[in-house]
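Structure first, commentary second.
Bear in mind the structure is a predicted one, so any value in this text is a computation, not a measurement. In the text below, chain A, chain B and the rest are named by the order of the sequence lines, each starting its count at 1. Computed over heavy atoms, backbone and side chain alike; hydrogens, waters and symmetry mates excluded.
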Amino acid sequence: MIAKVIVDVPSRQTDRPFDYEVPAAFADWIEVGSRVGVPFGGRVLQGFVTELADTSDFDSKRLKPIAELLDHVPPLLPDLIELAKWMSEKYCCSWTTALQAMIPGALKGKAERLVCIQDAESASEDLPLAMTEWMGSQLVKLDVLLERFPEYAKSVKSALREGVLVEHTKVRDRLAIRKVLTVYLPDDVGKVRTQLAALPARAGKQREVLAFMLERGEPMVLQQLLAEAGGSAASVRSLAEKGLLELREVEQQRDPYAGREFDRTMPLALTEGQNEVYDRIIRAVDAGEPKTMLLHGVTGSGKTEVYLQSIQFCLEQEKQAIVLVPEISLTPQMVERFKGRFGDAVAVLHSRLSNGERYDEWRKIRSRQVQVAIGARSAIFAPFERIGLIIIDEEHESSYKQEESPKYHARDVAVRRARQHGAAVVLGSATPSLESFAAASRPLTAKDEGREPALLPMPVRVGGRPLPPVTVIDMREELKEGNRSMFSRLLHSSLADRLERGEQSVLLLNRRGYSTFVMCRSCGYTAACPHCDISLTYHQKSRALRCHYCGHAEQAPATCPSCQSEHIRYFGTGTQRVEEELSKLFPGIRVIRMDVDTTTEKNSHEKLLKQFGDRKADVLLGTQMVAKGLDFPYVTLVGVIAADTSLNLPDFRAAERTFQLLTQVAGRAGRHHLPGEVVIQTYVPEHYAVVTAQQHDYAAFVSEELRHRSAMGYPPYCRLILVTMSHEQLPLLSTVSEGFASELREIAENEGVLISLSSGFGRALEVLGPVASPISRIKDRYRFQCVIKYRGSIDASALVRKALLPFTGGPPQRLVQFSIDVDPQVIL
DNA sequence: AGCACGCCGACT
DNA sequence: GTCGGCGTGCTC
């Protein structure tokens with residue numbers, strides 16, 4: 001038997017399956033999706049089996065055998081292998097890069113080099129006695145050996161060459177299986193009972209511990225035993241020495257939610273609107289045919305309850321469900337709702353889990369212990385075998401796009417995976433992305449005939465609660481009337497109001513553009529990174545200036561390096577300034593600040609929200625992360641400090657982002673019995689994103705925004721691919737990027753698709769640039785970019801890959817780096 | 001990506 | 001005359 005294996009080398013030359021012979025010992029175990037160690041170019045590397053075949057095109061006498069089978073249960077399944085292939089084509093990355101994105105970090109095995117003595121006689125001549133004695137006949141890690149005997153590196157090297165030492169490589173998982181000391185009773189319990197009586201009276205603790213164990217009658221984790229029975233580890237150890245107890249190391253599955261009780265909830269009665277949508281979803285799940293639906297429900301319309309009941313239906317059909325939520329809104333509240341409804345049938349995957357915890361949650365999925373996976377972006381790869389329903393909550397969120405390779409969009413991957421499984425996809429949002437909205441409301445073509453349109457509206461809040469009134473404050477007017485504070489008079493008095501009534505407020509600082517920089521007030525100098533074309537960021541904690549792109553750090557100067565003036569100003573994070581201002585205006589106010597600085601620690605996010613939920617603070621102040629998915633009954637005021645900071649960015653999605661943010665944050669107020677109120681401060685109150693958000697009018701926003709997109713030629717009227725090229729030498733970069741652009745134009749020309757987008761309908765593609773990237777230099781490398789716009793049925797990824805071919809060879813030091821971003825979120 | 005093989009300068 | 005520089009090309 002022959003196995004075709006994708007080897008873990010992410011380069012273009014090795015991006016194809018290599019053939020290996022399957023040793024008889026593995027024949028019954030190896031499947032498509034198995035993880036194996038294979039000899040490749042003189043070392044053993046990790047790889048995945050993509051195909052099993054009887055014959056090979058490669059000269060079968062020269063085939064090497066698979067060296068190791070790394071798991072008993074293949075971590076991947078055939079559908080995921082195929083999905084990875086599709087991703088590699090669509091997103092222009094290597095197959096192995098896509099495969100790596102699908103498995104938990106713990107399974108990203110690394111080759112480890114081991115050596116042992118082959119020829120003992122020569123070894124005793126060539127190598128020092130200390131070394132040969134230390135090694136014995138064992139396999140020793142090469143790096144450990146060299147670390148121990150650094151002065152003999154040369155001898156080791158020549159011993160390896162002459163065969164005195166031999167080298168083996170093995171793939172080693174990066175996984176630490178957690179072991180816990182567990183206390184067992186010996187087999188002969190009767191003997192223990194008699195000896196218990198014989199224990200001396202002064203060994204009181206030991207008696208207690210032993211009595212506890214006898215009564216319990218089953219093994220117990222040491223820590224837990226000590227906590228429940230009292231006593232110290234020493235007392236247990238001395239009992240173990242007497243043979244009355246046994247201590248063993250036991251493998252433990254980490255459950256981040258272990259020991260937490262989740263109140264079981266029952267399905268709520270659905271409103272008429274919810275019920276209609278629910279019906280449509282379960283019909284699709286029942287049909288078992290791929291179908292994508294856009295659930296457009298206003299904030300507070302009860303989307304989550306619809307999700308829960310649809311999943312319930314899916315489980316009753318003995319199919320599994322995946323729920324994607326943006327990382328930021330994977331809050332304890334959200335997890336509680338799912339755990340509360342489905343209990344132990346849920347695995348939770350988020351980035352704050354440790355490597356081991358994530359691996360354990362993943363194994364619950366793979367081993368069919370759970371039927372529901374809820375998690376951020378990468379949970380779309382949950383290794384279920386029969387998916388019935390995929391839900392993507394807050395589908396407009398940009399965090400569904402991965403910014404590193406593979407630069408995939410979880411929404412698009414979900415649609416593709418659903419096609420493999422015959423599953424339904426539900427995209428849920430109060431503010432759908434224009435792409436999804438346009439796709440869902442496209443008139444039906446002949447192909448779709450008989451199918452239902454895919455738009456599911458839920459325009460009414462549960463319980464008929466009104467959306468909160470939104471007041472827009474023109475900050476220019478405030479300034480004109482002498483208010484120089486960052487709070488308008490209305491926001492100030494509204495805050496005072498809540499404090500008096502003991503209600504809570506959420507304040508959002510739209511952080512972009514508010515960030516932390518250094519400026520000299522005398523000469524206008526701003527600190528810039530010497531390696532990148534970007535200003536340095538000021539970190540108050542370390543009093544240092546840092547570059548976000550390359551990590552360069554320097555001491556913050558006391559005087560301006562350019563004009564020696566002392567009027568150099570450091571601006572801390574925006575939220576810190578707001579917090580200071582709040583305490584000045586309202587002495588004694590209790591503020592919880594949520595931003596990157598206060599949420600780095602594990603679980604800090606959770607703790608801060610819990611404090612706020614317990615009403616231990618009056619104000620929750622934060623960046624984007626306070627806008628999403630929170631649901632606190634006593635929040636009656638939401639304030640947006642500056643709505644327009646995100647509006648001024650020169651990105652084509654700036655208006656969309658602003659509208660979404662304002663609408664989402666406004667939805668945080670008045671979700672329960674207390675009525676809510678929203679105050680938005682801005683310098684551009686007449687902008688349609690602000691006006692339509694104030695009126696809670698998604699339709700009006702969309703029609704205005706679509707007009708702009710159409711006029712400018714942006715999605716959803718076309719699709720984009722961003723190609724960024726970088727090199728240290730500007731002239732070389734310039735030549736190569738020009739070369740790439742003309743190569744691509746020529747290929748498109750030959751395909752007959754190089755047509756201006758402004759010329760009516762049908763297939764069209766144009767290549768813009770190359771031009772300098774918005775950040776024109778990072779880590780001493782200059783950056784140029786091309787933007788490819790296209791519409792119609794064009795496999796633009798394939799054209800780009802083809803155009804890339806002439807630029808992948810050549811001398812390494814002259815290599816220009818190419819980075820391809822298909823459907824980029826920002827092009828600036 | 002590694003690693004080996006292969007052709008030209010500074011050393012015993 | 002050799003050790004070693006890193007350019008080029010392959011890995012089942």
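Around atom CZ of A/R801, more than 12 heavy atoms belonging to other residues, nucleotides or ligands sit under 6.0 Å away. Around the CH2 atom of A/W134, the shell of radius 6.0 Å holds more than 12 heavy atoms that belong to other residues, nucleotides or ligands. No more than 12 heavy atoms of other residues, nucleotides or ligands sit less than 6.0 Å from atom NZ of A/K110. Counting non-hydrogen atoms of other residues, nucleotides and ligands closer than 6.0 Å to CZ of A/F807 gives a total above 12.
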Salt bridge (Lys or Arg N to Asp or Glu O under 4.0 Å), that's the test. Do A/K90 and A/D795 meet it? Break it down for me. CA-CA 8 Å; A/K90 155 128 191 168; A/D795 187 351; over 6 Å; no
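If you take OH of A/Y20 and C1' of C/dC12, they are 5 Å apart, rounded to a whole angstrom. Here the P atom of nucleotide C/dC10 and the CZ atom of A/R16 are 11 Å apart, to the nearest Å. If you take CG of A/D15 and C1' of C/dC10, they are 16 Å apart, rounded to a whole angstrom. As a whole-Å value, the separation of A/L45 CG from C/dC12 C1' is 12 Å. The interatomic distance linking A/I6 (CD1) with C/dC12 (C1') rounds to 12 Å, in whole Å. Between the CZ atom of A/R43 and the P atom of C/dC10 there is a distance of 16 Å, given to the nearest Å.
In this structure, the ring-ring contact (aromatic ring centres under 6.0 Å, His included) partners of A/F18, at least two apart in sequence or on a different chain, are A/F40.
Residues of residues 94-101 of chain A that place a heavy atom closer than 4.0 Å to DNA chain C do not occur. For DNA chain C, the residues of residues 48-65 of chain A within the heavy-atom distance limit of 4.0 Å (strictly under) are A/F58, A/R62, A/L63, A/K64, sorted by number. For DNA chain C, the neighbouring residues in residues 30-42 of chain A, judged by any heavy atom under 4.0 Å, are A/P39, A/F40, A/G41.
Side chains of A/S819 and A/K407: a donor on one and an acceptor on the other come within 3.5 Å.
For DNA chain B, the outermost nucleotides in 5' to 3' order that have an atom under 4.0 Å from a heavy atom of chain A are B/dA1 to B/dC3.
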Between side-chain atoms of residues 743-751 of chain A and protein atoms elsewhere (two or more places apart, or another chain), which donor-acceptor pairs fall under 3.5 Å?
from: A/R745; atom 1: NH2; to: A/V767; atom 2: O; distance (Å): 2.8
from: A/R745; atom 1: NH2; to: A/G769; atom 2: O; distance (Å): 3.0
from: A/N750; atom 1: ND2; to: A/E746; atom 2: O; distance (Å): 3.4

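Across A/P715 and A/F652, no two heavy atoms sit closer than the pair CD-CE1, 3.7 Å. In terms of heavy-atom proximity, A/F740 sits nearest to A/A803 at CE1-CB, 3.8 Å. A/I322 approaches A/A382 most closely through the heavy-atom pair CD1-CB, 4.0 Å.
Taking 4.0 Å as the cut-off between side-chain N and carboxylate O, A/K85 and A/E82 do not count as a salt-bridged pair.
Figure legend: A/R363 and A/Y359 shown as a cation-pi pair, the cationic atom lying under 6.0 angstrom from the six-membered ring centre and within 45 degrees of its axis.
The residue A/E21 sits apart from the nucleic acid: no heavy atom pair falls under 4.0 Å.
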